[in-house]
A.B. asks: 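This is the structure, below, for whatever I ask next.
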Amino acid sequence: MTTTDTVSSTALTRMPDRPVLEGLEEKWVGQWSEEEVYAFERPATRDEVFSIDTPPPTVSGSLHVGHVFSYTHTDVVARYQRMRGKHVFYPMGWDDNGLPTERRVQNYYGVRCDPTLPYEPDFTPPAKPDPKRQIAISRQNFIELCNELTAIDEKTFEDLWRRVGLSVDWKQLYTTISPETIATAQRAFLRNHGRGEAYLSFAPTLWDVTFSTAVAQAELEARQYPGFYHRVRFTRPDGQAAYIETTRPELIVSVCALIAHPDDERYQSLFGTTVTSPLFGVEVPVLAHPAAEPDKGAGIAMCCTFGDLTDVQWWRELDLPMRTVIGRDGRLQRETPSWLVHPEPYETLAGKTAFSAREAVVALLRDSGDLDGEPTPTTRMANFYEKGDKPLEIVATRQWYITNGGRDEKLRRRLLDRGEELAWTPEYMRHRYENWVEGLNGDWLISRQRFFGVPFPVWYPLDAEGQTDWDHPIVPEESALPIDPMTDPAPGYDASQRDVPGGFTADKDVMDTWATSSLTPQIACGWERDDELFNLTFPMDMAPQSHDIVRTWLFSRIVRAELENHTLPWKRTTISGFVVDPDRKKMSKSKGNVVVPTEVLEKFGSDAVRWRAAMARPGADSPFDETQMKVGRRLATKILNASKYVLGIPGNDPATWSVDLVTDPADQAMLAALDGVVAQATESFEAFEYTDALEAAERFFWTFCDDYIELVKERAYGARGEAAAASARSALGLALGVQLRLFAPFCCFVTEEVWRWWHDDSIHRAAWPLPGEVTAPGDPAVLDDIAAALVAIRGAKSQAKASMKTEVSAATFHGPEDALTRLRAVKDDLRAVGRITGNIAWQADEGPITADITLTPSQP
RNA sequence: GGACGCAUAGCUCAGUUGGUAGAGCACUUCCCUUACAAGGAAGGGGUCAUCGGUUCGAGCCCGGUUGCGUCCACCA
């Protein structure tokens, strides 16, 4: 990247009399867009590119300050890399497919999808949606509404991101429901399928009864759930009782066995025998299995198909029969199960929800005398779908899976190795990844029984009886993608053969959102769509995200890239912490502690919010605190005012600035010190430690303002001749230019505003300052000595409660000999800033620099 | 229960290879000084969670304890 920037001498005409922060966002957002400052231009080679796998926000959700912080962290790095001359590939994506959008559409328009209904071309949603009486509409109508609403939401999101100042290239925007993305997701799936990495399986799966869909391990959330222990009697062949305790008595219908730990003394005599279930008279074996925990409940568990994941394990390992009664709607099946010896009691349960059935069973048990004592309340942990509010059921269904190492040690090892290979910021976050991969207990379930998502590009043949042949799925050629099996006929068939015996039927499921977003590197980089782009950007350089989605998004992308590309999808991942409320609780809608970003941005300005974000180190949670925003705002204001001062010095002309004119020792010392700061900031950015870069720049800037500017003020105005003034002006101007660039990644608006007072091109395409660019053969220690001397002078005046303007009739400086020598060289500047009119004496001794000051009595 | 992180001034946090405890905010006092009163200056304030070890010397290294947070596991 070359800059065609020209330095303008017309600074004074572009500089407002009283510059303010208000309005800078609007002004520069517009101009950056017009000038295409952040457009990605394809260079010749990969090493000229810095590519970023931006997390695509869920547009149906809402953004809070936490999002603003973490996206700012990425932007700060992107801006640094751009200034280093990289062609920054920084796309934005909208995650608009999936269940969150469906749910939002249902609430927003008051509709629900009923795939059995026909399409109504003229359908318009009700003006006032009634959330209690959702209108049933066809799948196509429903998808149209999803597209309509996401378009509105995406506009809001884009406006916010622009306002925050994200330097994304909006021409690289992708969405997870676009035809290109659908084609990419389907293509990747077909490749997985072709290699045996994607497979269809009929198995017990975690099932959300509210949304009527399967969910994956990564989407689980364990929550406290209140329940009751019921002590229930089973009957031994000799008529004796065997008691179990259960929180789900309705599952007695499904009981397959009683199971205790093999070493449990209490149940040795029962192993190998059978017992009979209460109410239904079903005879089940009593078995031993090490997964049974003697301390839980009665120590002997009722194994049902299925109450929990342990039941699944027992069912599988002990080869138990499948006695499912809870259906996909969360209700007990209507037909009386065939295995019941006494079917009569079931009549009162048929068709009931699990909750109602539980009450009914308890009543029955009470009547029959099989309930021992009263149910005792307990709190247990239950698995929930993270977006749902009813505990998950386990239902045997046919689902698509992708291998993820959960059932394959070799693949698991490879994925763990990838975690090793990946660079992590901060380093310790890699443990979360390792924990997750090591704890996987099954493959990745990717199919969802929903509507707004990427359809599986799959059909199944129907035999002569119209039965689906699940074992021989029909897939399309890749060239036909994207396809929708619900509307496109299977290859080799025509539309009339849909759903008729001897014909074909569509796979009606869609892929889970994560199955699509696991491919964001491939989607954004143009995999199999734009080879040139792909080769220039993939594997990507940086994958930013917050720490809660290491197990989902980060992991799933590594899986997909490993299976498809045999590489990591990126070199490095950077993990942001959360913004938490003052009590250090995570912000969430349900807690009502969410801070809306637009208000904060409005109140303090984007630069202030960005500053605060950058002060949060990678991985660290930070509490939301408005007073911190004020500090950022103060910095932005200070940048504006200090710049105005430097450029407003009479006769100061940027075209004349040159390090060759910097001859004064104070000026040389300042530039030398700044050069060290540049080195520090650069080093920190190279390590992705943007906070350290900011702190280094800021620490220097305040000294620059409070000490250095004050020190050279009079000289810059020409009090000691033209050469001395030129030295100060060049030093001030050059240092300002360097510091603006150091701050540019953080306070992108105010630095741009100031920069343009004398440049025609954006600061964000200017070169990052590097050590040696602006420096002088000075001793940085002089600046510290000056600061110490100023503290001494000001302290004396402050203690005397005198104005800083008060004249000093005599001053004696104490301190180490070498420090005094350095101070003598800047004596005239000290005299000016301290208003020292009388004698200056120097007294060498040990200890810090101090001054004895005699103040001239103030004139009446 | 497992893993990880944190514990330093009233608050938010720095503290490099061990060598006299730091910043900002808040607080106190002062100052309208030709960039900035949405400003500036000066100042007070800390047994570095706790116990033990290594060392001439520990906020830092090692071990234990306690408290907090996050992720995972936990439905009998």
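All of these numbers come straight from a predicted model, not from anything done at the bench. Naming: A, B, ... by sequence-line order, numbering from 1 per chain.
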A.B. asks: Under 6.0 Å between the ring centres of A:F578 and A:H547?
C.D. replies: yes
A.B. asks: Indicate yes or no for a side-chain donor-acceptor contact from A:R266 to the backbone of A:P294 under 3.5 Å, with no hydrogens or angles considered.
C.D. replies: yes
A.B. asks: Just checking A:V791: base, sugar-phosphate only, or nothing, at a heavy-atom cut-off of under 4.0 Å?
C.D. replies: sugar-phosphate
A.B. asks: From CE of A:M615 over to C1' of B:rG24, roughly how many Å is that when rounded to an integer?
C.D. replies: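 Those two atoms, CE and C1', are 7 Å apart.
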A.B. asks: With rounding to whole Å, what would you report as the distance between B:rC56 and B:rG45 at their P atoms?
C.D. replies: 34 Å
A.B. asks: Around atom CD of A:E221, are there more than 12 heavy atoms from other residues, nucleotides or ligands closer than 6.0 Å?
C.D. replies: yes
A.B. asks: If you measure from the P atom in B:rC61 to the same atom in B:rU16, how many Å do you get, rounded?
C.D. replies: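 Rounded to whole Å, the distance is 8 Å.
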A.B. asks: Roughly how many Å apart are B:rG52 and B:rC48, using the P atom of each and rounding to a whole number?
C.D. replies: 14 Å
A.B. asks: For A:W611 and B:rG24, what is the distance between atoms CH2 and P respectively, to the nearest whole Å?
C.D. replies: 11 Å
A.B. asks: Tell me, for nucleotides 70-76 of chain B in 5' to 3' order, what letter each nucleotide earns: B for a base near a protein heavy atom under 4.0 Å, S for only sugar-phosphate near one, - for neither?
C.D. replies: BSS-BBB
A.B. asks: Has A:T751 got a side-chain atom pairing as donor or acceptor with A:C747's backbone, closer than 3.5 angstrom?
C.D. replies: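 Looks like yes, one N/O pair under 3.5 Å.
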A.B. asks: Between B:rG40 atom C1' and A:R794 atom CZ, what is the distance in whole Å?
C.D. replies: 8 Å
A.B. asks: Please test A:T552 against A:E219 for side-chain hydrogen bond (donor to acceptor under 3.5 Å, both in side chains), starting from the C-alpha separation and ending with a verdict.
C.D. replies: CA-CA 8 Å; A:T552 50; A:E219 295 169 293; over 6 Å; no
A.B. asks: Work out how far the P atom of B:rG46 is from that of B:rC11, and round it to whole angstrom.
C.D. replies: 14 Å
A.B. asks: Ion pair present between A:K638 and A:E698, side-chain N to carboxylate O less than 4.0 angstrom?
C.D. replies: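 No salt bridge links A:K638 with A:E698.
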A.B. asks: Without swapping roles, check the side chain of A:R412 against the backbone of A:E438 for a donor-acceptor pair under 3.5 Å.
C.D. replies: yes
A.B. asks: Does NZ or CZ of A:R633 fall inside the cone over A:F604's six-membered ring, less than 6.0 Å from its centre and within 45° of the axis?
C.D. replies: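 That pair does not qualify as a cation-pi contact.
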A.B. asks: Would you find a donor on one side and an acceptor on the other, under 3.5 Å apart, between the side chain of A:K644 and the backbone of A:P19?
C.D. replies: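 Side chain of A:K644 to backbone of A:P19: no pair is present.
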A.B. asks: Atom CE of A:M429 to atom P of B:rG5: distance rounded to whole Å?
C.D. replies: 10 Å
A.B. asks: If only atom types and distance count, is the side chain of A:H230 paired as donor or acceptor with the main-chain N or O of A:V232 below 3.5 Å?
C.D. replies: no
A.B. asks: Is it the case that atom CZ in A:R316 sees more than 12 heavy atoms from other parts of the structure closer than 6.0 Å?
C.D. replies: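 Atom CZ in A:R316 is not crowded, with 12 or fewer foreign heavy atoms closer than 6.0 Å.
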A.B. asks: Can you measure A:E683 atom CD to B:rU16 atom C1' for me and round it to whole angstrom units?
C.D. replies: 10 Å
A.B. asks: C1' atom, B:rG59 versus B:rA9: distance in rounded Å?
C.D. replies: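 Going atom to atom, C1' in each nucleotide, I get 14 Å.
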A.B. asks: For A:E807 and B:rU33, what is the distance between atoms CD and P respectively, to the nearest whole Å?
C.D. replies: 14 Å
A.B. asks: Tell me: CG of A:D581 to P of B:rG69, nearest whole Å?
C.D. replies: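 So the CG-P distance, A:D581 to B:rG69, works out to 12 Å.
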A.B. asks: In the 5'-to-3' direction, what one-character label does each nucleotide of nucleotides 34-39 of chain B receive under the scheme B = base within less than 4.0 Å of a protein heavy atom, S = sugar-phosphate only, - = no such atom?
C.D. replies: -BB-BS
A.B. asks: Can you spot which of A:Y690, A:W611, A:F701, A:F685 makes a ring pair (Phe, Tyr, Trp, His ring centres under 6.0 Å) with A:F746?
C.D. replies: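 Between A:F746 and the candidates, ring pair (Phe, Tyr, Trp, His ring centres under 6.0 Å) is satisfied uniquely by A:F685.
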A.B. asks: Give the dot-bracket string for RNA chain B, reading 5' to 3', where a pair is Watson-Crick or G-U wobble with both distances under 3.5 Å, ( ) marks pairs inside the strand, [ ] marks pairs crossing earlier ones, | marks a partner on another strand, and . marks unpaired.
C.D. replies: (((((((..((((.....[..)))).(((((.......))))).....(((((..]....))))))))))))....
A.B. asks: Using the C1' atom as the point on both nucleotides, what is the distance between B:rG39 and B:rU20, in whole Å?
C.D. replies: 34 Å
A.B. asks: A:D625 has an atom CG; how far is it from atom P of B:rG24, in whole Å?
C.D. replies: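 Taking atom P of B:rG24 as the reference, CG of A:D625 is at 16 Å.
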A.B. asks: What integer number of Å spans the P atoms of B:rC30 and B:rC68?
C.D. replies: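 These two P atoms come out 44 Å apart once rounded.
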A.B. asks: Could you give the distance separating B:rA37 and B:rU47 at their P atoms, to the nearest angstrom?
C.D. replies: 39 Å
